[in-house]
Amino acid sequence: MAPELPRILLLPTHLQADELRELEARIPTLTHNAHEAKVILGKISRPERALFELRRLKLATEPVALEGAEGDEAIGDKRGRSDAAEVPSKRPRLSGSEALRSRADEGHVATLDLLGGSGDVVLVLKLAWLLDSLEQNVVLPADDYLLYQGRKISSHSAQASNPGTPQPRKEDETTRSASAVNDSPYSKRTTRPGTSSSTASDGRLHSEPPTLHRETTSEHEVPLPPIPDFLHTTYSCQRPSLVSPPNATFIAELKAIRTLRLLRGDQVGVRAYSTSIASLAAYPHLLQRPQEIERLPGCGPKIAQLYQQWTEDGCTDETRKAKTDTELVVLKTFYDIWGVGDTTARQFFKKGWRDLDDIVEYGWDSLSRVQQIGVKYYDEFQLKIPRDETETIASVILAHARRVDPGFQMVIVGSYRRGKPSSGDVDVVLSHPDEAQTLDIIERLVSSLEKSNFITHTLSVWTKNSERGQAPLAWKGEGRRAGSGFDTLDKAMVVWQNPQDKGPHRRVDIIISPWKTAGCAILGWSGETTFQRDLRRYCKVKMGFKFDSSGVRSRADGSWVDLESSERGPAPDMETAERRVFEGLDLEWRPPAERCTG
DNA sequence: GCCA
DNA sequence: CAGTACG
DNA sequence: TGGCCGTTACTG
């Protein structure tokens, strides 16, 4: 049975003539009169575009708030004055952006209201709403597809829909739709048996047990899986992202595109692809259709289009062309030199250099010291470091620190802590409950490791934190001048080789943190780049804090915010301190293995 | 490229 | 100053 | 339409 749809107007935008005809044929409630339509559908993804289309249809509206959970997250720029807003919230308000969109159940309310309620409200939805609804034989909640919601303010609306005179079939439609929703496969766990319990956080998604486990008629009508609640946020630090997500192969393709954008100097493209990659990395279901992607934060039509291309051809145009593009291949070679970024890689190419030998032959003296080291150990630095070797290196560092004082503690951070089987480099954070011990330790430690021939080269040593007396104090105000930097930990970036077995040279970062900010230190050094960026963005936007690995500060007055000490004093160990930082930031605890944002 |  | 590094 | 992590710190 086909779902009972509201009156729908289909926008021709971005649709081929035959696509348009085919779609129109599938809409029993199609209308071409904008004043009559309750839902306007289009292959569009932005509210701005929705408004533009409304203007083109000469349909005047005023914005209406989203009904249900979030009255203050109105679509459009006016505060909503929604008639039907007296929908009681079924649970306490969610904190922060978890509540950005209303929940599925409240969404039903919005949808039912849409079907039977006052006729002067019009919704502009993504086309995917129709496709998904037809697919699932159910009128889906509009929430995840909503671009704009407005009330018609033309003279038509007054007469056309008097609330007192019910539309034909109204009550029927309402109740039937409601039961259709409840009986439909939509409310049932729909993931394949092997994947349903794949994420640690699944319990949080849809806790109500599946009712009415009705057999579906045919296998090909598998409905789209529901979007987990945590995928309604644009902050990757608010959701679990595991190492090997179901869609790893498609993600790999997006990463390839991201690298190409980087080499071309498209910084913003890099950020955009990183956002979509992080979103997909958190999606616990194997993708089935392109329209599934557009529902995810940070993923729009472009990513969906790439997915389609990738499923059809096995790769995207951009990566296929890049494979035979000499310039990009060479740029990648140069970019992989430690100390060479994308700008320098392009400079090298411009000079006519095409391989490492060219650099050595024609440009050696123009290289910086670290770039020379990067070229010298080019091949060795490409090698991955197995976990046991990381542990060996870390234990040597800790032993040397404990030779200074036995109270030192260490956490191996970076990709090792996220559980990766091998790493590109080794990162360790050292701290000591006695603050006097972490002051100026970095230089002593490095020289100790140099003397023992573990460190073969020192790339750079940061000592700013010690120089300011390890004070995590105001980064502004208090007479401190901006720009002089008061918020970085002491650290050393070195080249390491085991003097006994003379294995490959390794990149090692040693970070020193005062005990009172050690939680921030390991948090700041354990997440992947996107997790890290989003954490800082979250702290800024949602909390009014400035986060970095040397502590949390208030943006209002720049003062240090201690999230790591309790009434009973400082944290007993660094992991405990890290948990307290999550709490203080109003974030759910994420084990490091769930910070794999790609 | 996507979002507020 | 621009470029690069780190997660 | 502007913003996208960091008024990063270090190097040359």
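By convention in this document, chain letters (A, B, ...) are assigned in the order of the sequence lines, proteins followed by strands, and residues within each chain are numbered from 1.
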Looking only at dG6(D), dC4(D), dA5(C), the nucleotide nearest the R536(A) side chain is dG6(D)

Using a cut-off of 4.0 Å on non-hydrogen atoms, how would the nucleic acid contact of R261(A) be classed: base, sugar-phosphate, or nothing? sugar-phosphate

According to side chain to side chain contact (heavy atoms under 4.5 Å, CB included), who are the partners of V330(A), at least two apart in sequence or on a separate chain? T326(A), F334(A), F349(A), R354(A)

Kindly point out which of dG6(D), dC5(D), dG12(D) is positioned nearest to the side chain of R555(A)? dG6(D)

Students often get this wrong, so: under 4.0 angstrom with heavy atoms, is V370(A) touching a base, only sugar-phosphate, or nothing? nothing

Report the C-alpha distance between E318(A) and R264(A) in whole Å, list the side-chain angles of each, state the deciding distance to 0.1 Å, and finish with yes or no for salt bridge (Lys or Arg N to Asp or Glu O under 4.0 Å). CA-CA 12 Å; E318(A) 194 164 346; R264(A) 295 191 169 107; 3.1 Å; yes

Side chain to side chain contact (heavy atoms under 4.5 Å, CB included) for V426(A) and R506(A)? Distances and angles first, verdict last. CA-CA 8 Å; V426(A) 175; R506(A) 305 299 200 186; 5.5 Å; no

Taking any heavy-atom pair under 4.0 Å as a contact, classify D534(A): base, sugar-phosphate, or nothing. nothing

Would you say the side chains of E443(A) and T463(A) form a donor-acceptor pair under 3.5 Å? no

Quick check on DNA chain D: between Q532(A) and S460(A), whose nearest nucleotide comes earlier from the 5' end? Q532(A)

Under 6.0 Å from the ring centre and within 45 degrees of the ring axis: does the NZ or CZ of R595(A) meet both conditions for the six-membered ring of W589(A)? yes

Taking for S368(A) and for V268(A) the nucleotide of DNA chain D with the nearest heavy atom, the one nearer the 5' end belongs to V268(A)

Sugar-phosphate, base or nothing in reach of R417(A), heavy atoms under 4.0 Å: nothing

Please tell me which of the listed nucleotides, dA4(B), dC10(D), dC5(D), lies nearest to the side chain of T463(A)? dC10(D)

Report the nucleotide, chosen from dC4(D), dA4(B), dC5(D), that has the shortest atom-to-atom distance to any side-chain atom of K540(A). dC4(D)

Has W525(A) got a side-chain N or O lying under 4.0 Å from the OP1 or OP2 atom of dT8(D)? no

From the candidates dG6(D), dC2(B), dC6(C), the one with an atom nearest any side-chain atom of P301(A) is dC2(B)

Please give, in whole Å, the distance from dA2(C) C1' to Q371(A) CD? 13 Å

Closest approach to the side chain of K302(A), judged atom by atom: which nucleotide of dA5(C), dA9(D), dC2(B) is it? dC2(B)

Ignoring the backbone of T343(A), work out which of dA5(C), dG6(D), dG3(C) is nearest its side chain. dG3(C)

Starting the side chain at C-beta, find the nucleotide from dC10(D), dG1(B), dC5(D) nearest to W462(A). dC10(D)

Interatomic distance, R533(A) CZ vs dC3(B) P [rounded to whole Å]: 17 Å

Select base, sugar-phosphate, or nothing to describe what R507(A) touches, counting heavy atoms under 4.0 Å on all strands. sugar-phosphate

dG7(C), dT11(D), dA5(C): which one has an atom nearest the side-chain heavy atoms of T529(A)? dG7(C)

Strictly distance-based, threshold 3.5 Å: is any side-chain N or O of D490(A) a donor or acceptor partner for the main-chain N or O of I512(A)? no

Base, sugar-phosphate, or nothing for G269(A), non-hydrogen atoms under 4.0 angstrom? nothing

The nucleotide from dC6(C), dC3(B), dG1(B) with an atom nearest the side chain of I303(A) is dG1(B)

